[in-house]
Enquirer: 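Okay, here's the structure, questions in a sec.
Order of appearance sets the numbers: ligands from 1, and atoms from 1 within every ligand. Just so you know, these numbers use all the heavy atoms, side chains as well, and skip hydrogens, waters and symmetry mates. Since this is a predicted model, take the numbers as computed values, not measurements.
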Amino acid sequence: MAGPLPIGEPAPSDGSLPNQVAIDASSRTLHAYLHIPFCRVRCGYCDFNTYTATELDGVSQSTFAQTLIGEIALSARVVSDAGLPKRKLASVFFGGGTPTQLPASDLVAILSALRDAFDFAPGAEITTEANPDNVDVDYLQQLVGGGFNRISFGMQSAVPEVLATLERSHQPANVPSAVTAAKEVGLATSVDLIYGAPGETLEQWRESIEAALSYGTDHISAYSLIVEEGTKLARQIKSGELAEPDEDLQADKYELADQLFAAAGLNWYEVSNWSRNSATASAHNVAYWASQDWWGYGPGAHSHFGGVRWWNAKHPAAYASKVAANESPALGREILSDQTRLEERVLLEIRMSQGLSIDLVKQLNADHAKLISTFIADELIDARAAIGGHLVLTLKGRLLADSLVRQILA
Ligand SMILES: C[S@@+](CC[C@H](N)C(=O)[O-])C[C@H]1O[C@@H](n2cnc3c(N)ncnc32)[C@H](O)[C@@H]1O
Ligand code: SF4
C-alpha cells in the first residue's frame with residue numbers, strides 16, 4: 001500500500017456498510033486480503049506500508065495476529081448486518097510487508113479465524129507472500145497443514161550486483177531452495193521479479209529470467225521498477241549516485257521477458273503476470289481486476305464491496321488501538337459513482353489477456369469507432385479480438401497500456 005491514504009468521507013466507527021453493497025452481491029465472489037506490515041529490513045526501492053523492528057515503536061509483532069483476528073470478528077458482524085448473502089471466501093491472500101516474518105502458527109491461526117467466520121469455497125486459493133530468506137520445510141509444512149496452498153516469493157533478481165542495488169537482503173541461492181521446499185510440501189509457487197534497477201543490463205535481466213524459469217514455478221510476476229517518492233532509491237537517483245531507469249531499455253526488458261516466458265510455456269494473462277494455464281493464474285489478483293468484493297484486513301488495507309471502498313488506519317499502532325476498543329479500524333470511505341466504476345473497469349480490464357469489452361468503450365467514449373480503428377492501425381490491439389467485441393492488447397499495446405486508457409477516458 002504505497003503513498004498516503006486517499007481522501008474520502010469518514011467511515012462509521014461501527015464499520016457499518018451502506019445498503020448498496022447488497023445490490024447484485026450474489027453475482028460477485030468474496031475474497032480476503034491480510035496485510036502483515038513487518039519486514040526484517042527495508043529494501044531501498046520499497047514504500048509499502050511496512051515497518052522494521054526499530055521503526056515499530058510500541059507495536060508488538062507477537063500480538064498482531066490477535067488484532068487481525070479481532071478485525072475478522074468485526075467483519076463477520078458487519079457483513080451479516082449489511083444484509084449480504086452468505087458467501088464463502090473464494091481466495092485469501094496474505095501480503096505485506098513480509099507475512100513470513102510472523103511464526104507459521106500465527107498465519108495458521110488467522111486463517112482459521114477466517115474459515116470460522118466465512119468458510120472457504122471449494123478450491124479456494126490460499127496464498128502467502130514470502131521472503132526466500134525466512135522459510136524452511138518445517139515452516140512451509142505448518143502452512144500446508146493449516147490450509148495454505150500457494151506461495152509467492154520475492155525474488156526480484158538472480159544477479160548479486162542487482163540485488164545489492166535494490167538493497168535486497170536475501171542470497172540468490174535461497175530462492176531455488178525455497179521454491180523446491182515449497183513444491184515438496186505441495187504448494188503452488190510463484191516468484192516476483194523486478195526489472196530496471198539502476199545499472200541492470202539486458203544480459204543481467206536475461207540471467208534473472210532464465211534463473212526464474214529454471215525453478216519451474218507455475219507463475220511469475222515481473223514488475224517494472226517504480227521509483228517511489230521518499231524512498232532511499234529516489235534519493236540516490238536524485239543525488240546522481242544511481243542512474244534513472246531508461247524507458248527504452250525497460251521496454252526491451254519487457255519484450256525479452258514476454259518472449260522467454262512464452263517460450264517456456266508461461267503466457268501473459270495480465271500485463272505484469274504470466275502463468276502456465278488459467279488454473280495457475282492468481283485467482284486473488286484476477287478478483288481485484290474483475291472488481292469483485294474483498295475485505296482488506298490490517299493497517300492501511302483497502303476493501304471494496306459493490307462500489308464502496310474503504311481503508312484502514314495506516315500505522316499499526318493506530319490500527320491496533322481501534323480494534324482493541326472494539327471499533328472499526330476504517331478511517332475513510334468512498335462511494336463510487338456509476339461513472340467512476342465504469343472508468344475503473346477500463347483501467348483494470350484492459351490489462352487482462354481476455355480483454356476489455358468494446359461495449360464499455362462505447363459507453364465512455366463518443367468517438368469509439370475512430371479510436372478502435374486507430375488502435376488497430378497502430379497495432380496496439382488485436383484486430384480479430386476487436387471484431388469479436390473485445391479490446392485485447394498486443395505486445396506493443398501492453399507497453400503503452402496507460403496511454404490507451406487515457407485516450408479511452410479522454
Ligand atoms: C510485499 S513484496 C513481496 C514479499 C516480500 N516482502 C519480499 O519482498 O520478498 C511484493 C512485491 O512488490 C514488488 N515491489 C515492491 N516495491 C516495488 C517497486 N518500487 N517497483 C516495482 N515493484 C515493487 C516486489 O516485486 C515485491 O516482491
Ligand atoms: S521485503 Fe518486500 S515489503 Fe519488505 S521492504 Fe522489501 S520489497 Fe518491501
Side-chain angles (χ1 to χ4, degrees), residues 1-3 33-56 61 93-102 107 127-135 139 143 148 150-159 162-172 174-179 182 189-198 200 205 208-209 212 215 217 219-237 242 244-245 247 250 253-254 257 270-274 282 284-285 288 296 298-302 314 316:
M1 242 116 297
Y33 169 77
L34 300 110
H35 189 72
I36 315 292
F38 309 121
C39 288
R40 196 171 59 74
V41 288
R42 180 179 285 275
C43 311
Y45 57 87
C46 181
D47 83 336
F48 286 19
N49 187 30
T50 187
Y51 305 81
T52 60
T54 52
E55 292 167 344
L56 269 171
Q61 290 191 28
F93 193 99
F94 286 67
T98 306
T100 48
Q101 276 292 111
L102 293 182
L107 301 188
T127 305
T128 185
E129 285 184 333
N131 185 306
D133 267 350
N134 54 11
V135 292
Y139 188 100
L143 293 186
F148 285 81
R150 186 171 182 275
I151 192 159
S152 171
F153 292 107
M155 168 179 173
Q156 324 312 351
S157 170
V159 179
V162 175
L163 289 171
T165 308
L166 293 172
E167 300 201 319
R168 288 291 298 188
S169 62
H170 72 263
Q171 296 299 318
N174 288 353
V175 183
S177 42
V179 171
T189 53
S190 177
V191 291
D192 289 346
L193 291 171
I194 289 184
Y195 56 98
E200 182 192 56
W205 173 233
S208 293
I209 296 169
Y215 310 151
T217 57
H219 184 279
I220 298 183
S221 304
Y223 302 115
S224 172
L225 177 71
I226 302 169
V227 180
E228 302 281 5
E229 262 315 289
T231 56
K232 181 169 174 198
L233 178 73
R235 288 193 291 281
Q236 288 169 309
I237 290 177
L242 292 176
E244 203 157 341
E247 266 186 39
Q250 285 299 78
K253 286 178 179 171
Y254 183 84
E270 193 272 346
V271 171
S272 305
N273 289 278
W274 288 259
S282 159
H284 188 79
N285 284 337
Y288 289 153
H302 286 226
K314 197 167 173 183

Enquirer: Pull out every atom of ligand 2 sitting under 4.0 Å from any heavy atom of Gly97, numbered as shown with elements.
Expert: 3 (S)

Enquirer: What residue and atom, counting heavy atoms only, is the protein's closest point to atom 8 (Fe) of ligand 2, and at what distance?
Expert: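 For atom 8 (Fe) of ligand 2, the nearest protein heavy atom comes out as Cys46 SG, 2.3 Å.
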
Enquirer: When you measure from the side chain of His170 to the backbone N and O of Asn134, does any donor-acceptor pair fall under 3.5 Å?
Expert: no

Enquirer: Would you call Arg168 a ligand 2 contact, heavy-atom distance under 4.0 Å?
Expert: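 Contact present.
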
Enquirer: Using a 4.0 Å cut-off to any heavy atom of Tyr45, which atoms of ligand 1 qualify?
Expert: 15 (C), 16 (N), 17 (C), 18 (C), 19 (N)

Enquirer: Please state which protein non-hydrogen atom is closest to atom 19 (N) of ligand 1 and give its distance, to 0.1 Å?
Expert: Ile226 O, 2.9 Å

Enquirer: Give the residue, atom name and distance (to 0.1 Å) of the protein heavy atom nearest atom 7 (S) of ligand 2.
Expert: Tyr45 OH, 3.2 Å

Enquirer: Identify the residue among Ser190, Ser152, Ser282 that makes a side-chain hydrogen bond (donor to acceptor under 3.5 Å, both in side chains) with His219.
Expert: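 Testing His219 for a side-chain hydrogen bond (donor to acceptor under 3.5 Å, both in side chains) against Ser190, Ser152, Ser282 leaves exactly one candidate, Ser190.
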
Enquirer: Starting at CG of Leu166, measure out to SG of Cys46 and round the result to the nearest 0.5 Å.
Expert: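 Leu166 atom CG to Cys46 atom SG measures 11.0 Å (nearest 0.5 Å).
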
Enquirer: Return the residue, atom name and 0.1 Å-rounded distance of the protein heavy atom closest to atom 2 (S) of ligand 1.
Expert: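 The answer is Glu129 OE1, 3.9 Å.
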
Enquirer: Working to the nearest 0.5 angstrom, can you tell me the gap between Tyr254 OH and Tyr195 OH?
Expert: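 Atom-to-atom, Tyr254:OH and Tyr195:OH are 6.5 Å apart.
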
Enquirer: Below 4.0 Å from any atom of ligand 1, is there a heavy atom belonging to Ala130?
Expert: yes

Enquirer: Relative to the ring of Phe93, is the ring of His284 parallel (under 30°), tilted (30 to 60°) or perpendicular (over 60°)?
Expert: parallel

Enquirer: Considering heavy atoms of the protein only, find what lies nearest to atom 12 (O) of ligand 1 and give residue, atom and distance to 0.1 Å.
Expert: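 Answer for atom 12 (O) of ligand 1: Phe48 CZ, 3.6 Å.
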
Enquirer: Run the numbers for me: atoms of ligand 1, each under 4.0 Å from some heavy atom of Thr98, listed by number.
Expert: 5 (C), 6 (N)

Enquirer: Heavy atoms only: which of Arg168, His35, Arg40, Met155 is nearest to atom 9 (O) of ligand 1?
Expert: Arg168

Enquirer: Which ligand 2 atoms are under 4.0 Å away from a heavy-atom of Cys43?
Expert: 1 (S), 5 (S), 6 (Fe), 7 (S)

Enquirer: With a 6.0 Å cut-off on the ring centroids, do Tyr33 and Phe94 count as close?
Expert: no

Enquirer: What's the shortest heavy-atom distance between Asn49 and Pro299, and which atoms?
Expert: ND2-O, 3.2 Å

Enquirer: Take atom CD in Glu55; do more than 12 heavy atoms of anything else shown fall under 6.0 Å from it?
Expert: yes

Enquirer: For the backbone of Gly154 and the side chain of Arg168, can you confirm whether one donor and one acceptor N or O come within less than 3.5 Å of each other?
Expert: yes

Enquirer: Between Tyr45 and Asp47, do the side chains contain an N or O donor and an N or O acceptor separated by less than 3.5 Å?
Expert: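 Absent: no donor and acceptor within the cut-off.
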
Enquirer: Quick one: CG on Leu107 to CG on Leu102, what's the gap to the nearest 0.5 Å?
Expert: 5.5 Å

Enquirer: With atoms numbered from 1 as shown, which atoms in ligand 1 lie under 4.0 angstrom from a non-hydrogen atom of Ser224?
Expert: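 That gives atoms 20 (N), 21 (C) of ligand 1.
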
Enquirer: Going by the order shown, which atoms of ligand 1 are within less than 4.0 Å of some heavy atom of Asp192?
Expert: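 The list of qualifying atoms is 10 (C), 11 (C), 25 (O), 26 (C), 27 (O).
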
Enquirer: Among Gln236, Arg42, Lys232, whose side-chain hydrogen bond (donor to acceptor under 3.5 Å, both in side chains) with Glu167 holds?
Expert: Lys232

Enquirer: Consider every N or O of Pro132 and every N or O of ligand 1, then say whether any pair is closer than 3.5 Å.
Expert: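 Not met; the criterion fails.
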
Enquirer: Could you check atom 22 (N) of ligand 1 against the protein and tell me its nearest heavy-atom contact, residue, atom and distance included?
Expert: Ile194 CD1, 3.6 Å

Enquirer: Between Thr100 and Thr98, is there a side-chain donor-acceptor contact under 3.5 Å, judged purely by atom types and distance?
Expert: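 Checked: Thr98/Thr100 side chains show no N/O donor-acceptor pair below 3.5 Å.
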
Enquirer: What closest approach, in Å, do Thr165 and Pro198 show between heavy atoms, and which atom pair accounts for it?
Expert: CG2-O, 3.7 Å

Enquirer: Taking a cutoff of less than 4.0 Å between a non-hydrogen atom of the residue and any ligand atom, is Gly97 in contact with ligand 1?
Expert: yes

Enquirer: Taking only heavy atoms of Gln156 into account, list the atoms of ligand 1 that are under 4.0 Å away from them.
Expert: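 What qualifies from ligand 1 is 8 (O), 24 (C), 25 (O), 26 (C), 27 (O).
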
Enquirer: Going by heavy-atom distance to atom 13 (C) of ligand 1, choose the closest among Phe153, Phe38, Tyr223, Phe94.
Expert: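 It is Tyr223 that holds the nearest heavy atom.
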
Enquirer: Out of all atoms in ligand 2, which are within 4.0 Å of some heavy atom of Thr98? Include the element for each.
Expert: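 So the answer, numbered in order with elements, is 1 (S), 4 (Fe).
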
Enquirer: For ligand 2, is there an atom lying under 4.0 Å from some heavy atom of Gly154?
Expert: no

Enquirer: Looking only at protein heavy atoms, which one is nearest to atom 4 (Fe) of ligand 2, and how far off is it?
Expert: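 Protein heavy atom at minimum distance: Cys39 SG, 2.3 Å.
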
Enquirer: Closer than 4.0 Å to some heavy atom of Leu225 - which atoms of ligand 1 meet that?
Expert: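 What qualifies from ligand 1 is 20 (N), 21 (C).
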
